There are 2 protein chains.
Amino acid sequence: MRKITETIGKIKPIDARILKEAQRRLDNLTKPERSLGRLEELAKKVVAITGRENPTLDRKVIFTMVGDHGVARQGVSAFPQGVTVQMVHNFLQGGAAINVLARGVGAKVLVVDMGVAHKIKSSKNLINKKVASGTQDMMKGSAMSRKQALESIRGGIEIFEEEWAMSGVDIAGTGDMGIANTTSSSAIVACITGCKVQDVTGRGTGIDDERLRRKMEVIEKALKINQPDPHDPIDILSKVGGFEIGGLVGCILAAAAHRVPIVIDGFISTASALIACELCPFLKDYLIAAHRSQEKGHQIALNHLGKTPLLDLNMRLGEGTGAALGMKLVELGVKVLNEMATFEEARVSREGN
Amino acid sequence: MRKITETIGKIKPIDARILKEAQRRLDNLTKPERSLGRLEELAKKVVAITGRENPTLDRKVIFTMVGDHGVARQGVSAFPQGVTVQMVHNFLQGGAAINVLARGVGAKVLVVDMGVAHKIKSSKNLINKKVASGTQDMMKGSAMSRKQALESIRGGIEIFEEEWAMSGVDIAGTGDMGIANTTSSSAIVACITGCKVQDVTGRGTGIDDERLRRKMEVIEKALKINQPDPHDPIDILSKVGGFEIGGLVGCILAAAAHRVPIVIDGFISTASALIACELCPFLKDYLIAAHRSQEKGHQIALNHLGKTPLLDLNMRLGEGTGAALGMKLVELGVKVLNEMATFEEARVSREGN
């Protein structure tokens, strides 16, 4: 727990004066005031988070954390559990959507085994932080022990800090893979927001009506049996969470502690962000919501964080695919601040003719 | 007129079977079906437009067309007319928003003088297609002659075709600059959609309430005096249009004739697209709406085209800035189709456990 409290202790609220000063500089650039809308907001935010006048976002890193879920055996997903490990191999071979999109925006993908049920062929591109071979079935008891929950968060912190020390991270994106992890995330979101299970449970990879009903029953039962304490985020993570979710919580905390902006992907990532913000409310300032996922509970989770997503492209894949697109927009916003000419430099007249 | 009718004659409707076949291929890739939402739609669309199974979008070109408007002297903008030529110099020096964003997404910007009021220092980066030194004041009569309207469209076709022949164009983006060109565009949109002037007139570069009232009066008067024929797009262009708008019409027609996808920027570009689609209804299939501008009439113009924009970032700058962002998304969609592994290749199990 010490590593976690230490990390949380380093996260400071961002300075509103810096936002104002950055807007003043944006208003000097050759465009009508605020005419680049949210790109300007992103630029300001990155200045305030990093504390740098002219930040650059060359080192874009997506942390794709993977874990299996015991609850998968309740038939809550359209895919069998074995797909988790198969997709890890796909990530390592560069053939998955996240690989393609990350290459397309110039980001690096770190694939982390936080708790895959199957053994994965060792690879120089895989980071091994396996807490256990999948969680327990949350419908029958706690998904993991409190110790394991803390271990998964610490694992996430370590992964971020290793990358930070070795190669540097200018902006972090979150990503996930794990069959049945929308089931776990819906339970987390219901617990933290206080919303009904039916309002935060969606079709995940694309299940039919019957399976969706089953999924909601499973979540209801898991919450009833485990009674997670809404005011104790570690309790929620251990009872209905997942190892990849814990890993993302740690990664988010560590990024904020190092003043690195964090681009949140879809539903699973946002559930992780909810837990992280319960641990440290200042954290919200460091988060950028990449997109609105098609997954039903995502909007509710985003509302709870007070975030308006950058994109709304009917995506629902996870892996960090939305974060990859969002990162590119953040980078472009920062480029506007760094590279545009001022009215004076370009000898362009200002408003008022 | 011959060049224009020839170009229109080359535009063919896209083949719905190709869209279906491309979706079948997308459904074989390692992701839940359609889980990449609009990225998949973009990929399919580009396949159907280009007729290529695996199109690449390396050569991204933004056509930023510039023209002055006689109506500027009615005080409809927050900026003086001289800003048009000042911004052209800014474009040529690479300090404007469009330069920054185009660099950021790997696109080339072509700056075209379609009819700037002032003389521009000649530069190897400037394309000169000046029809005249700005339009006439549409509040006092026709903005340009019918001959000039046709000349501006032909100019736009030539620019596209020269670039196509010299360097190649895989995807085209539209952009504009011209003080008072939202006034002209609102008149065009009112005329083609049949909507009230007040519903399609916004604050442009950021005018106050008083100037907005003046702007609406000016547009009303211009429409009353000129009586553009809603069924004759060339009549509309000549009476209340602009040279840069005519240039964009030509560029859009030529791109479609060469089976090149066209990413439409904001309000002025969409007004140009409305004219182009009146000339050739098949054209709609070739257009991708980049973003929803903050400019009031933009949503109405997009509805008329039946387009849902990709982005909604509160932008209202023009120049092609929205198109630059949109192009990047289209490119990423196509990369998904070209680069992702199939279930078979990656040995990943399909739905149904």
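To find a chain, count down the sequence lines: A is the first, B the second, and so on, and within it residues start at 1. Computed from heavy atoms alone, side chains included, the values below leave out hydrogens, waters and symmetry copies. Nothing here was measured: the structure is a model prediction, and the numbers come from that model.
With a threshold of 4.5 angstrom between heavy atoms, A:Arg316 approaches chain B through its backbone and through its side chain. Interface remark: B:Leu325 contributes side-chain atoms only to the contact with chain A (heavy atom separation under 4.5 Å). Heavy-atom distances place the side chain of A:Phe343, and not its backbone, under 4.5 Å from chain B. Heavy atoms closer than 4.5 Å to chain B are found in both the backbone and the side chain of A:Arg34. Interface remark: A:Glu33 contributes backbone atoms only to the contact with chain B (heavy atom separation under 4.5 Å). Contacts of B:Thr321 with chain A are made by side-chain atoms alone, with heavy-atom separations under 4.5 Å and no backbone atom involved. Both the backbone and the side chain of A:Ser349 come within less than 4.5 Å of a heavy atom in chain B.
Between the side chain of B:Lys328 and the backbone N or O of A:Gly104 there is at least one donor-acceptor pair closer than 3.5 Å.
Comparing B:Thr308, B:Thr205, B:Ile207 by how many heavy-atom pairs each has under 4.5 Å with chain A, the most go to B:Thr205. If you tally non-hydrogen atom pairs under 4.5 Å between each of B:Ser35, B:Gly95, B:Gly82 and chain A, the highest count goes to B:Ser35. Highest contact tally toward chain A, considering only B:Gln294, B:Arg103, B:Gln93, is held by B:Arg103 [criterion: heavy-atom pairs under 4.5 Å]. Annotation: maximal heavy-atom pairing with chain A below 4.5 Å, among B:Leu311, B:Leu317, B:Asn314, occurs at B:Leu317. Ranked by heavy-atom pairs shorter than 4.5 Å toward chain B, the options A:Asn338, A:Val85, A:Val83 are led by A:Val83.
If you take CG on A:Asp312 and CG on B:Asp312, they are separated by 9.0 Å, rounding to the nearest 0.5 Å. If you take CG on B:Leu101 and CE on A:Met340, they are separated by 8.5 Å, rounding to the nearest 0.5 Å. To the nearest 0.5 Å, atom CZ of residue B:Arg38 and atom NE2 of residue A:His291 are 14.5 Å apart.
Counting heavy atoms from C-beta on, the side chains of B:Leu313 and A:Leu310 come closer than 4.5 Å. Two residues are said to be in side-chain contact when any heavy atoms from C-beta on lie closer than 4.5 Å; B:Thr30 and A:Met87 meet this criterion.
Comment: B:Glu319 does not engage A:Lys31 in a salt bridge, judged by the lack of any side-chain N to carboxylate O separation of less than 4.0 angstrom.
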